[in-house]
Amino acid sequence: MPDTSLPNSWDARAKAHSFFGFTDLPSIRDRGTVVLTHGDGPYVIDTEGNRYLDANSGLWNMIAGFDHPALTIAAQDQYETFPGYHAFFGRMSDQAVMLSEKLIEVSPFETGKVFYTNSGSEANDTMVKMLWFLHAAEGRPQARKIITRGNAYHGVTAVSASMTGKPYNSVFGLPLPGFLHLTCPHYWREGRDGESEADFLARLVTELEEMIAREGADTIAGFFAEPVQGAGGVIPPVAGYFDAILPVLRAHGIPVIADEVITGFGRTGALWGCESYGFRPDAIISSKALTAGYFPMGAILLGPELSDRLQRATDVIEEFPHGFTASGHPVGCAIALKAIELVTEGGLLDNVNRLIPGFEAGLAKLAAHEHIGEWRGRGLMGALEAVRDKATKTPFEAHLSVSERIANTCTDHGLICRPLGQSIVLCPPFILTDAQMEEMFDKLSRALDQVFADVA
Ligand SMILES: *Cc1c(COP(=O)(O)O)cnc(C)c1O
């Protein structure tokens with residue numbers, strides 16, 4: 001119920017004139033909204049003065065916490081020097097030039113080129129346009145179909161939502177035609193009774209081969225995959241996945257794009273998720289941790305082959321007719337340069353690797369609970385999936401909203417974590433201390449006990 005007794009409360013004001021996206025409306029009707037004012041390391045503080053340990057790093061992105069002085073100083077300095085510019089007409093800021101050099105230097109590519117956007121969705125959308133443009137210029141205008149996987153999350157623009165493999169997009173009449181989805185490579189949930197992991201993988205390879213044969217290899221523009229599916233519920237692929245499917249795609253000349261919006265810059269313990277899984281994509285989509293969440297920015301990193309081909313395609317018509325007003329914003333670029341330095345030289349990646357064993361042990365310990373069916377994760381991203389019956393993997397009834405209740409109970413204890421389907425997702429900032437990790441697992445453990453006692 002809206003609190004009419006306090007019409008000027010932050011909650012009432014938030015509800016009056018702010019339209020919420022990706023928000024369960026019954027929850028905010030019952031529990032109210034949380035209006036935040038500032039941060040302190042990995043904690044955020046609301047208008048009532050409540051502190052929350054944000055175990056989701058905002059939305060996976062605030063890897064350096066919420067008040068890192070090096071990032072705010074980089075922003076301040078750049079605002080004073082050159083507070084805004086675009087990247088059209090052969091002009092761009094010195095910061096954009098330097099960031100492109102740095103991104104290629106830290107990428108798995110020996111050389112390549114970078115294109116900037118303001119978000120991950122725009123970067124995926126732009127990459128699809130690049131592929132359509134490229135195939136048309138190379139004489140394959142029919143090569144327009146895009147292959148992704150069930151449970152993939154690639155964003156919310158009309159194209160990136162079409163790539164996303166989630167049922168909720170049907171309310172928009174999406175996906176658009178020509179966006180194809182393979183089976184999500186999640187063995188625990190998608191594997192059939194009696195099917196071994198190797199058999200499951202073989203089935204996925206056959207499915208891809210059959211899809212390519214059915215659709216026609218010459219109609220397919222590209223394949224996009226997150227190294228670990230993030231918003232699908234933190235799903236590392238079945239063992240051997242990329243090694244098995246990439247040769248099929250390569251044999252048909254289908255470009256492979258790694259959507260590293262979450263996995264880029266250290267989340268999996270390596271700088272890139274594709275390095276963790278030992279594969280080399282043709283291009284990388286980056287956003288989120290790129291600026292440690294201190295500026296909206298996305299980037300496409302084109303490997304040498306795709307950048308050469310796109311350059312030749314563009315030479316013919318003398319222009320790639322695409323760009324965003326704020327792409328390559330000098331303040332965003334200055335912040336990204338500092339964020340990358342913090343990850344690679346400032347100890348953040350080292351701390352991720354220091355934290356991983358304890359993080360995995362904490363998840364494994366909670367997974368011993370009779371109502372946790374599986375813990376899964378890679379690096380500093382993990383999930384616990386709630387089930388009514390562990391042996392049969394039977395989920396709790398949807399109307400019980402178990403994962404929402406767990407997350408809400410956590411919030412009451414001062415911990416922010418995210419319900420995703422029947423799972424709870426943890427992806428804390430890279431600056432976490434051991435004591436803060438202990439606090440995270442303690443609070444989550446108490447919330448699990450409370451909610452499972454209520455619903456069991
Ligand atoms: C968040 C996300 C996106 C979309 O990024 P936005 O900045 O929200 O548009 C795309 N891909 C993946 C893997 C993501 O996690």
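Since the model is a prediction, treat every value here as computed from it, not as a measurement. Just follow the structure's listing: the first ligand is 1, and inside any ligand the first atom is 1. Count residues from 1 along the sequence.
The D259 neighbourhood of ligand 1 comprises atoms 10 (C), 11 (N), 12 (C), 13 (C), with distances under 4.0 Å to a heavy atom of that residue. Within ligand 1, counting atoms from 1 as listed, the ones closer than 4.0 Å to a heavy atom of S119 are 7 (O), 9 (O). Atoms of ligand 1 lying under 4.0 Å from any heavy atom of E226, numbered from 1 in the order shown and given with element: 13 (C). If you number the atoms of ligand 1 from 1 as listed, the ones under 4.0 Å from a heavy atom of I262 come out as 15 (O).
Under 4.0 Å from ligand 1, the heavy atoms of N124 that appear belong solely to its side chain. When heavy-atom distances to ligand 1 are checked against a 4.0 Å cut-off, K288 comes that close only through its side chain, counted from C-beta outward.
Ranking protein heavy atoms by distance to atom 8 (O) of ligand 1, first place goes to S121 OG, 4.3 Å. The closest protein non-hydrogen atom to atom 12 (C) of ligand 1 is Y153 O, 3.3 Å. Among protein heavy atoms, atom 6 (P) of ligand 1 sits closest to G120 N, 3.5 Å.
Between R250 and D282 there is a salt bridge, since at least one side-chain N of the basic residue sits less than 4.0 Å from a carboxylate O of the acidic one.
Counting heavy atoms of neighbouring residues, nucleotides and ligands inside a 6.0 Å radius, atom CH2 of W132 exceeds 12 of them.
Residue V261 has no nitrogen or oxygen atom sitting less than 3.5 Å from a nitrogen or oxygen atom of ligand 1, judged on distance alone.
The side chain to side chain donor-acceptor pair (under 3.5 Å) with T33 is formed by just one residue from the set D46, D11, T47, T23; it is D11.
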